[in-house]
Q: 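Provided herewith is a single structure, encoded as structure tokens, for subsequent inquiry.
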Protein chains: 2
Amino acid sequence: MAGDTRERLVRVARDLIHDSSFAQVSVEDICKEAGVHRGSLYHFFPSKERLGLAVLDANWAMMSALLDEAFGAEAPPLERIDRFVRGFGGMIVLMRERMGSTPDCPIGGLSAELSGHSAEMRAHATRILDAWAAHFSGAVREAQARGEVDTRLDPEETALRILAYLQGTALLARTYDRPELVEHARGGVRALLGTSL
Amino acid sequence: MAGDTRERLVRVARDLIHDSSFAQVSVEDICKEAGVHRGSLYHFFPSKERLGLAVLDANWAMMSALLDEAFGAEAPPLERIDRFVRGFGGMIVLMRERMGSTPDCPIGGLSAELSGHSAEMRAHATRILDAWAAHFSGAVREAQARGEVDTRLDPEETALRILAYLQGTALLARTYDRPELVEHARGGVRALLGTSL
DNA sequence: CTTCCACTTGACTGATCAGTCAACACCGTC
DNA sequence: GACGGTGTTGACTGATCAGTCAAGTGGAAG
């Protein structure tokens, strides 16, 4: 029971947020679900907004693990991108199974919502998105060096396109409640790279 | 002053929602901005949710006009898609200028938020998204018949990819506050179609 | 002139919201 | 066994929320 209260709050908050949205989840909802009293939450977080930021960071840690696993592999760059997209789709499917409804992208959805609160939040969100896109642009550059991707493609622009496509796919998957859309995103990503699958 | 109260409420609600989100805009905010008393709003709308639906419909009307203008033109199918993407980007840029911050996609963002409220809302949102995608799939099919697009591409899947890419681009544009991302979306759409620009 | 109805008014309800606070419990340390 | 820091408690504040309602207003129709 010692020390894990903060962790539990973040975990519960994440689940509740992904099931609806940051705005629609109240501090009381989170506390009740976590079995914690309101004052306790404010011992760890100065505001609900900061708790949201902690959730975003936790999501980014999860996404980073996925990225490291895929991009750290000993594999050609295009296959590393494929691996990540598969992992991303698997994560969405898993979350859907755990919560009964298809979630948004854990990064994009929350980022978009929090970045409307303050400039500081937006800066934080863009930093995360930049770090994410950097994995893609690095792989694109490498694939170009290997002659697998057209060198006329700008790596940064292409990376942003892939990111946008994944975000949009997650958004549609949520609205349609069809998590498999994200699972099948590899084809679209390959099309953006100009390489047949 | 007669008859336009309902219209004004929808217009004001739309602006406020695009500037933040449906959840963060209160009924009082809308009424104050529209110069209308709370009871009056509830004369026209049975709930805030229904007002949100009216806003979504108004946005769809606007988007439909854009679609009709682009896809009704006497032009080859790929150019019609280009025209729409240009129009879409122009709309986002215009909204950004009018409101001081980059909005979400008027359809996708609100749809995603409302569809979490009830199954009825989600059905409404998906119907709109389907109608939108149908414009793309029709053009893809036509381009395939003209030999301009690889016939191995599934028109419906490709249409959904384009839609997802546009939604995601709008989402990134909002988070980065860079509306020009949407203006430059044509290249990405063309990549998804497997055709050079 | 009267009836009628679409529309407006603004005060009201009860719920819920984020956030505060002083008191308290449990710890290892000295 | 006194101390101090790390957490916990639960009642509290004041604001804000969506939605209600009975009493109006004004104009068109009869």
Side-chain angles (χ1 to χ4, degrees), chain A residues 1-58 110 113-122 124, chain B residues 1-58 110 113-122 124:
Chain A
M1 199 67 82
D4 63 354
T5 299
R6 188 196 144 98
E7 201 179 321
R8 188 154 25 98
L9 281 167
V10 172
R11 188 162 30 87
V12 165
R14 180 169 63 186
D15 286 351
L16 293 177
I17 287 169
H18 287 162
D19 204 35
S20 54
S21 74
F22 179 72
Q24 292 211 330
V25 173
S26 73
V27 171
E28 179 139 324
D29 292 337
I30 297 166
C31 289
K32 198 168 286 182
E33 188 72 18
V36 160
H37 290 260
R38 308 168 58 63
S40 227
L41 186 147
Y42 285 96
H43 174 73
F44 294 102
F45 304 98
S47 68
K48 186 193 178 190
E49 201 181 54
R50 287 290 185 160
L51 171 59
L53 204 83
V55 169
L56 180 58
D57 283 335
L110 189 51
E113 198 170 354
L114 287 178
S115 59
H117 285 216
S118 71
E120 184 196 351
M121 294 284 158
R122 216 189 59 205
H124 198 97
Chain B
M1 198 67 81
D4 63 354
T5 299
R6 189 195 143 99
E7 201 180 322
R8 188 153 25 98
L9 281 167
V10 172
R11 187 161 31 86
V12 166
R14 179 168 65 186
D15 286 351
L16 293 177
I17 287 170
H18 287 161
D19 204 34
S20 54
S21 73
F22 179 72
Q24 293 211 330
V25 173
S26 73
V27 171
E28 178 139 325
D29 291 338
I30 296 166
C31 289
K32 198 168 285 182
E33 187 71 20
V36 161
H37 290 260
R38 308 167 59 63
S40 225
L41 185 148
Y42 285 96
H43 175 74
F44 293 103
F45 304 98
S47 67
K48 186 193 178 190
E49 202 181 54
R50 287 290 185 158
L51 172 59
L53 203 82
V55 169
L56 180 58
D57 283 335
L110 190 51
E113 198 169 355
L114 287 178
S115 60
H117 284 217
S118 71
E120 186 197 350
M121 293 283 157
R122 215 189 59 204
H124 198 97

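Chain letters run A, B, ... following the sequence lines, proteins first and then strands; every chain starts at 1.
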Q: Answer yes when B:Arg50 and B:Glu120 have at least one side-chain N-carboxylate O distance shorter than 4.0 Å, and no when they do not.
A: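 Counted as a salt bridge, because a side-chain N and a carboxylate O are separated by less than 4.0 Å.
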Q: Between B:Gly35 and A:Asp29, just flag the one whose closest nucleotide in DNA chain C comes earlier from the 5' side.
A: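 Of the two residues, B:Gly35 wins.
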Q: Is there a donor N/O on one and an acceptor N/O on the other, under 3.5 Å, for the side chain of A:Arg38 and the base of D:dG10?
A: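 A donor-acceptor contact between them is absent.
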Q: Going by heavy atoms in the side chains, are A:Glu113 and B:Glu113 under 4.5 Å from each other?
A: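 No. Closest side-chain heavy atoms not under 4.5 Å.
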Q: Supply the atom-to-atom distance B:Asp4 CG to B:Arg11 CZ, rounded to the nearest 0.5 angstrom.
A: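 With rounding to 0.5 Å, CG (B:Asp4) is 8.0 Å from CZ (B:Arg11).
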Q: Tell me, with the steps shown, if A:Leu56 and A:Phe22 meet side-chain contact (heavy atoms from CB on, under 4.5 Å).
A: CA-CA 11 Å; A:Leu56 180 58; A:Phe22 179 72; over 6 Å; no
Q: Can you measure B:Leu51 atom CG to D:dC17 atom P for me and round it to whole angstrom units?
A: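 Answer to the nearest Å: 15 Å.
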Q: Find the distance A:Ile30:CD1 to C:dT16:P and express it as a whole number of Å.
A: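 Distance check: A:Ile30 CD1 to C:dT16 P gives 16 Å.
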Q: Tell me whether the side-chain N/O atoms of A:Ser26 come closer than 4.0 Å to OP1 or OP2 in C:dT16.
A: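 For C:dT16, neither OP1 nor OP2 has a side-chain N or O of A:Ser26 closer than 4.0 Å.
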Q: So does A:His37 get a side-chain nitrogen or oxygen closer than 4.0 Å to the phosphate oxygens (OP1/OP2) of D:dG10?
A: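 For A:His37, the contact criterion (side-chain N or O under 4.0 Å from OP1 or OP2 of D:dG10) is met.
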Q: Measure the distance from CG on A:Leu9 to P on D:dG7 and round it to the nearest whole Å.
A: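 Rounding to the nearest Å, CG of A:Leu9 and P of D:dG7 are 12 Å apart.
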Q: Do B:Ile30 and B:Leu51 have side chains that approach each other closer than 4.5 Å (heavy atoms only, starting at C-beta)?
A: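 Yes - at least one pair of side-chain heavy atoms lies under 4.5 Å apart.
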Q: Taking the nucleotide of DNA chain C with the closest heavy atom to each, which residue, A:Gly39 or A:Val25, is nearer the 5' end?
A: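 Nearest nucleotide further toward 5': that of A:Val25.
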Q: Using whole Å, report how far NZ of A:Lys32 lies from C1' of D:dG10.
A: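 A:Lys32 atom NZ is separated from D:dG10 atom C1' by 13 Å.
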Q: Between B:Leu41 (CG) and C:dG10 (C1'), how many Å, whole number?
A: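 Whole-Å distance recorded here is 15 Å.
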Q: Looking only at side-chain N and O atoms, does B:Thr5 come under 4.0 Å of OP1 or OP2 in C:dT8?
A: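 Indeed, a polar side-chain atom of B:Thr5 lies that close.
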Q: Taking atom P of D:dA15 as reference, at what distance in whole Å does atom NZ of A:Lys48 sit?
A: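 Taking atom P of D:dA15 as the reference, NZ of A:Lys48 is at 20 Å.
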Q: Considering every strand and a 4.0 Å limit on heavy-atom distances, what is the contact class for A:Ser40: base, sugar-phosphate, or nothing?
A: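 Counting heavy atoms under 4.0 Å across all strands, the contact made by A:Ser40 includes a base.
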Q: Whole angstroms only, please: what is the CD-P distance between A:Gln24 and C:dT16?
A: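 Going from A:Gln24 (CD) to C:dT16 (P), I get 14 Å.
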Q: Return the value, rounded to whole Å, for the distance between atom CZ of B:Phe44 and atom C1' of C:dT9.
A: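 Roughly 13 Å, once rounded to whole Å.
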Q: As a test of reading the structure: which of D:dT9, D:dG19, C:dA18 is closest to the side chain of A:Tyr42, going by heavy atoms?
A: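 Nucleotide nearest to A:Tyr42's side chain: C:dA18.
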